[in-house]
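Reviewing the structure listed below.
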Amino acid sequence: VQLVQSGAEVKEPGESLKISCKGFGYSFASTYTAWVRQMPGKGLEWMGVVHPDDSEIIYSPSFEGQITLSVDKSISTAYLQWRSLKASDTGIYYCARRNYFGSGSSYGLDVWGQGTTITV
Amino acid sequence: EIVMTQSPDTLSVSPGNRATLSCRASQDIGSKLAWYLHKPGQPPRLLIYGASSRAIGVPARFSGSGSGTGFTLTITSLQSEDFGVYYCQQYNDWPPFFTFGPGTKVDLK
């Protein structure tokens with residue numbers, strides 16, 4: 001069971017970018033995949049989630065309008081996209097699986113990608 | 001909007017000693033709380049979910065407690081691999097929102 005993310009990127013302000021996160025070894029289509037940002041020297045911030053089977057995309061209010069999340073169920077891959085990058089988008093971006101542990105409200109992000117470093 | 005706070009900002013601990021980390025929610029979240037350890041160069045690792053259940057493979061020296069608005073992560077007999085930043089995280093069943101706390105850095109005394 002793993003999530004494998006695309007490689008590091010160095011971009012100029014104003015450029016567009018799409019990074020990926022591919023799931024292996026579990027039912028990617030039936031689970032939520034979350035995106036999490038870590039800006040340099042800062043903490044973790046939840047950006048949004050996608051659910052392939054339900055065609056559901058939910059954004060954190062802090063990131064709505066700033067990013068686009070998408071998913072291709074056929075290849076078990078989630079995407080995070082920027083139309084016009086800013087210097088403040090520099091950071092490490094993680095995808096993670098939201099898992100349900102079977103009793104009550106027991107959820108957690110239990111499988112994480114290795115992270116994609118974006119430098120703008 | 002639920003706001004998560006953590007204390008202290010930094011905790012300096014000697015190996016073998018106990019560490020107690022606190023997390024507070026701005027409103028009642030029941031037991032919908034997870035804890036993660038994040039070490040430099042690695043992705044975060046889930047330690048605790050449902051406020052008190054250890055994730056698979058997490059050593060018994062890690063324990064979580066609390067409900068409502070106040071939560072605690074206790075690490076008995078800290079090991080060298082336990083140093084890093086600990087985050088608490090509130091979550092919803094649906095919609096699947098998450099909110100991370102600002103983190104507590106545990107470093108070597």
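Proteins get letters first, then strands, A, B, ... in listed order; numbering begins at 1 in each.
- Going from atom OG of A:Ser60 over to atom CD of B:Glu1 covers 8.0 Å, rounded to the nearest 0.5 Å.
- Residues A:Ile92 and A:Leu80 do not share a hydrophobic cluster, defined by chaining ILVMFWY side chains whose heavy atoms lie under 4.5 Å apart.
- Contact annotation for A:Tyr94: only side-chain heavy atoms (C-beta onward) come within less than 4.5 Å of a heavy atom of chain B.
- Rounding to the nearest 0.5 Å places CZ of A:Phe101 at 13.5 Å from CZ of B:Arg54.
- Nearest heavy-atom pair, B:Pro43 versus A:Gly113, reported as atom, atom and distance to 0.1 Å: CB-O, 3.3 Å.
- The part of A:Tyr59 that comes within reach of chain B is its backbone (N, CA, C, O), which places non-hydrogen atoms under 4.5 angstrom from that chain.
- When the side chains of ILVMFWY residues are joined at heavy-atom separations under 4.5 Å, either directly or via intervening members, A:Ile118 and A:Val36 end up in two distinct hydrophobic clusters.
- Applying the 6.0 Å contact sphere to CD of A:Glu12 captures no more than 12 heavy atoms from other residues, nucleotides or ligands.
- Under the 4.5 Å side-chain heavy-atom criterion for grouping Ile, Leu, Val, Met, Phe, Trp and Tyr, A:Leu69 is connected to A:Phe63 within one hydrophobic cluster.
- At a heavy-atom separation below 4.5 angstrom, chain A is approached by B:Tyr87, B:Gln89, B:Tyr91, B:Asn92, B:Asp93, B:Trp94, B:Pro95, B:Pro96, B:Phe97, B:Phe98, B:Phe100 within residues 84-106 of chain B.
- Side chains of A:Trp112 and B:His38 form no contact here, defined as non-hydrogen atoms less than 4.5 Å apart.
- Among A:Lys42, A:Glu45, A:His51, A:Glu56, the residue with the largest count of heavy-atom pairs under 4.5 Å with chain B is A:Glu56.
- Put simply, CD1 on B:Ile56 and CG on A:Asn99 are 8.0 Å apart, with the number rounded to the nearest 0.5 Å.
- Under the 4.5 Å side-chain heavy-atom criterion for Ile, Leu, Val, Met, Phe, Trp and Tyr, B:Leu21 and B:Leu33 are members of the same hydrophobic cluster.
- Note: the hydrophobic cluster containing A:Val71 also contains A:Met47 (ILVMFWY, side chain heavy atoms under 4.5 Å, direct or indirect links).
- For the pair A:Leu109 and B:Pro44, the minimum side-chain heavy-atom distance is 4.5 Å or more.
- Between B:Leu46 and A:Gly108, the shortest heavy-atom contact is CD2-CA, 4.1 Å.
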